[in-house]
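Reading through the structure tokens given below for one structure.
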Number of protein chains: 2
Amino acid sequence: MSAAETRTARAEATRAVIVDTALRMFREQGYEATTMRAIAREAGVATGNAYYYFGSKEELIQEFYTRNHAAHLAASRPVLDSETDLAARLRGVLRALVDINVPYHGFAAKLYSRAAEPSSPLSPFSPESSPTRDAAIALYAEVVDGAHLRVPAAVRERLPELLWLYSMGIVLFWVYDQSPGTERTYRLVDSTVPLAVRLIRLSRLRALGAVTRQVIAIVDDVRG
Amino acid sequence: MSAAETRTARAEATRAVIVDTALRMFREQGYEATTMRAIAREAGVATGNAYYYFGSKEELIQEFYTRNHAAHLAASRPVLDSETDLAARLRGVLRALVDINVPYHGFAAKLYSRAAEPSSPLSPFSPESSPTRDAAIALYAEVVDGAHLRVPAAVRERLPELLWLYSMGIVLFWVYDQSPGTERTYRLVDSTVPLAVRLIRLSRLRALGAVTRQVIAIVDDVRG
DNA sequence: AGGCAGACTTGAACATGTTCAAGAAATGCC
DNA sequence: GGCATTTCTTGAACATGTTCAAGTCTGCCT
């Protein structure tokens, strides 16, 4: 129904205005300094109305994650479409991840620290984050699939998830990185990617079969 | 002055009562469910009085860390005094770390997630945490020093800090570990310690000198 | 048209972390 | 002992996240 659609569209617009306002204010003034009252006021709605669309202030962050991942995906496209070397692909995707986050450094830190709580829906391991997480892992699957790489199937299978975990480590470092332009994080990416790729390639060696199997066993145990 | 001491002692006692009450209530009911008003009431002081001793609710957590480290130190003593094998020492100290934390699993998660925020004084990298951090690193220095281990000086120097970082990773995993008795974390310790020690020992090999130097360069860059 | 159901909106009310001006208690000094 | 200073102690007041009962609007049905 066009009428129903109009109606829904209106509400959808209100929702969008609230998100836009909130994320802009978070970026400009920080997470804590931005009150729900201020968000509602600037968005032109009543305080309580924001709670009709978002169960809590934290839920607004989930929205940030979603947009963030979309931006990461877009920023990764060029390198994924042009490079075939694993190191180059991985490096490009990780640098893209930092790139799109840089404008949010400082306030992103607060957001991500909220995500550190295991019981929080914002946790990257929570069921609520499952779609975003799966999408992110799929991105690293593409990193691997588009590269020329000869490794045991057991390794290849687990690689996307491992690389995603690796990217989480980079983000964790980035959160703490106070260097100008977070250049240290960029250097960390540049210096660890070759090591990681070398390590992955080593899994081909017969002599290291025992170690490889051991590592895989640990990974599987950890995944539960 | 006995009078002055009495006075100070009284205040010190009040402070202690507040901490004890707070930590007990945190353990019994969780961090969020425990209000400052409730803590003050049970401790027998006015709400505002708690703020005379602790600038914020979070500051009470710092106290938890301090006690926690003391407990870790005590729990590590036996293995440090009896074992000389690096793997055994490291394993013992890491298991001790999990041991003493286990009773607090669930509420410790909230505490540690607060610590994830870089600007927070609770962050393990913050100036405020410096004493606790240094003490913890000193513990891992003892782990290394008491073991028979032949590795390059450059590696040995950086080992305590690296092992501390490793222990932080274990704690991070533990926080997310929902297995009964957090047995998965114990398994992670048992399975990764031999790998870590093997890796450390590999640094002796001439053939890996280039890699070792590269890793050390990264570590130094990261430390800033 | 009248009115009904559901989707949306509102602003006051509530709980909790935190601050603060005022007061009480203890200490030091004569 | 009496006064000035410092060290606590108090409870009300404030800001903010969140809830909720009540109201408004929209589209649909008869």
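Just so we're on the same page: letters track the sequence lines, and every chain starts at 1. As the structure is a prediction and not an experimental result, all values here were calculated from the model.
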**Prompt:** Just to confirm, is there a sub-4.0 Å distance from OP1 or OP2 of dT9(D) to any side-chain nitrogen or oxygen of Y52(B)?
**Reply:** no

**Asked** Within the pair Y53(B) and dT9(D), is there a side-chain N or O less than 4.0 Å away from OP1 or OP2?
**Response** yes

**Message:** Considering only residues two or more places apart or on different chains, which pairs with a residue in residues 160-176 of chain A satisfy salt bridge (charged side-chain N to carboxylate O under 4.0 Å, His left out)?
**Reply:** E161(A)-R223(A)

**Message:** Under 3.5 Å, is there a donor on one side chain and an acceptor on the other for T192(A) and Y166(A)?
**Reply:** yes

**Asked** Would S129(A) and T132(A) count as having a side-chain donor-acceptor pair, cut-off 3.5 Å?
**Response** no

**Message:** So F54(A), base contact, sugar-phosphate only, or nothing? Heavy-atom distance under 4.0 Å.
**Reply:** nothing

**Length of the CZ-C1' vector between R15(B) and dT9(D), whole Å** = 17 Å

**Asked** Which one of L163(A), V155(A), I200(A), L90(A) satisfies the side-chain contact (heavy atoms from CB on, under 4.5 Å) criterion with V144(A)?
**Response** L163(A)

**Request:** Mind checking the CG-OH spacing from L23(B) to Y104(B)? Nearest 0.5 Å is all I need.
**Result:** 7.0 Å

**Message:** Would you say the rings of F64(B) and F26(B) are close, in the sense that their centroids are separated by under 6.0 Å?
**Reply:** no

Find every protein N or O atom lying less than 3.5 Å from an N or O atom of nucleotides 15-19 of chain C, and list the pairs.
unit_1	atom_1	unit_2	atom_2	d
dG17(C)	OP1	K57(B)	NZ	2.9
dG17(C)	OP2	M36(B)	N	2.8
dG17(C)	N7	R37(B)	NH1	2.8
dG17(C)	O6	R37(B)	NH2	2.7
dT18(C)	OP2	Y51(B)	OH	2.9
dT18(C)	OP2	K57(B)	N	2.8

